[in-house]
Amino acid sequence: MMIQGKSCTLTVAKDGYYYPLPYSEETVRQASKGYALPGVIGIRNREKIVETGKAITGCVVTRLEYNNILALFLLLFYFDSKFDILVDRVCEKLIYKNISVKEFELRAENKESFYFRFDVKENEASYVTGWDITTPSLPWNRAALFIMNYGRNGQGGKTRRKT
């Protein structure tokens, strides 16, 4: 399920601090874990899936801005650093607790802003919960962007901030 929307919010929580992210794209979800039982020879007996649990998986893609660059790179600073993602999809509000970064990618095109993509993975202590009444829904505030600028004919270039 890929969610995109103006009124959706995405917040990373780490060490008691909340970092709202520009909501670009996210596919964080609970996927089924299990195994398949093969079907017996014949038309009526098909393969059956036995579900043994749920696994947190997916990715988040967000623009790299002046306000969130520190928070995003702090997620990568320590191997197996755990954090929470608060997702407000308007129709549902979920908190993915104790997850970590599986892999990440920094994307950029000429004359466009940088995008930071990270895949999440679960740990033994990971779980999903709903929002309680005290959970803040922090709106994202526009800030200076980091823009890739190669210059003329792709020669040379520099990265600049755009406000």
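- Hydrophobic clustering, with ILVMFWY side chains joined whenever heavy atoms are under 4.5 angstrom apart, keeps Tyr115 apart from Leu64.
- Enclosure of atom CD in Glu109 is not indicated, since only 12 or fewer non-hydrogen atoms of other residues, nucleotides or ligands lie within 6.0 angstrom.
- The two residues Lys14 and Leu74 come nearest to each other via the heavy atoms CE-O, 4.2 Å.
- Tracing side-chain contacts under 4.5 Å through hydrophobic residues (I, L, V, M, F, W, Y), one never reaches Tyr19 starting from Tyr96; they form parts of separate clusters.
- Between Leu94 and Val28 there is no side-chain heavy-atom pair separated by less than 4.5 Å.
- Formation of a donor-acceptor pair under 3.5 Å by the Ser81 side chain with backbone atoms of Leu75 is not found in this model.
- Taken to the nearest 0.5 Å, the CD atom of Glu103 stands 10.0 Å off from the NZ atom of Lys121.
- Residues Phe83 and Val101 form a side-chain contact, since some pair of their non-hydrogen atoms from C-beta on lies under 4.5 Å apart.
- Without hydrogens or angle criteria, Ser126 side chain to Asn98 main chain gives a donor-acceptor distance under 3.5 Å.
- With sequence neighbours left out, Lys33 forms a salt bridge (Lys or Arg N to Asp or Glu O under 4.0 Å) with Glu122.
- With contacts defined as side-chain heavy-atom distances shorter than 4.5 Å, the pair Asn68/Pro22 qualifies.
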Starting from the C-alpha separation in whole Å, work towards a yes-or-no answer on side-chain contact (heavy atoms from CB on, under 4.5 Å) for Glu26 and Cys59.
-> CA-CA 6 Å; Glu26 63 91 11; Cys59 74; over 6 Å; no
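- Heavy-atom minimum distance, Arg63 versus Leu145: NE-CD2, 3.6 Å.
- Each of Leu138 and Ile85 belongs to its own hydrophobic cluster when Ile, Leu, Val, Met, Phe, Trp and Tyr are linked at side-chain heavy-atom distances under 4.5 angstrom.
- Asp132 contributes atom CG, which lies 6.5 Å from atom CD1 of Ile95 (distance to the nearest 0.5 angstrom).
- When side chains are defined from C-beta on, Leu72 counts as touching Leu21, because their heavy atoms get closer than 4.5 Å.
- One finds the NZ atom of Lys97 at 13.5 Å from the NZ atom of Lys82 (value rounded to the nearest 0.5 Å).
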Stepwise side-chain contact (heavy atoms from CB on, under 4.5 Å) test for Leu10 and Thr62 = CA-CA 10 Å; Leu10 187 67; Thr62 185; 5.7 Å; no
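- Val61 and Ile99 sit in two unconnected hydrophobic clusters of ILVMFWY residues. Membership requires side-chain heavy atoms under 4.5 Å apart, directly or through other members.
- Smallest separation of non-hydrogen atoms from Tyr18 and Pro20: O-CD, 3.6 Å.
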Let me see the working for Asp88 and Trp131 under side-chain contact (heavy atoms from CB on, under 4.5 Å), right down to the final yes or no.
-> CA-CA 9 Å; Asp88 180 2; Trp131 286 30; 4.0 Å; yes
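- Relative ring orientation between Phe116 and Phe104 is described as parallel, the plane-to-plane angle staying below 30° on a 0-90° scale split at 30° and 60°.
- Leu106 and Val120 fall within a single hydrophobic cluster, where Ile, Leu, Val, Met, Phe, Trp and Tyr side chains are chained together by heavy-atom contacts under 4.5 Å.
- Thr57 places a side-chain heavy atom less than 4.5 Å from the side chain of Arg29.
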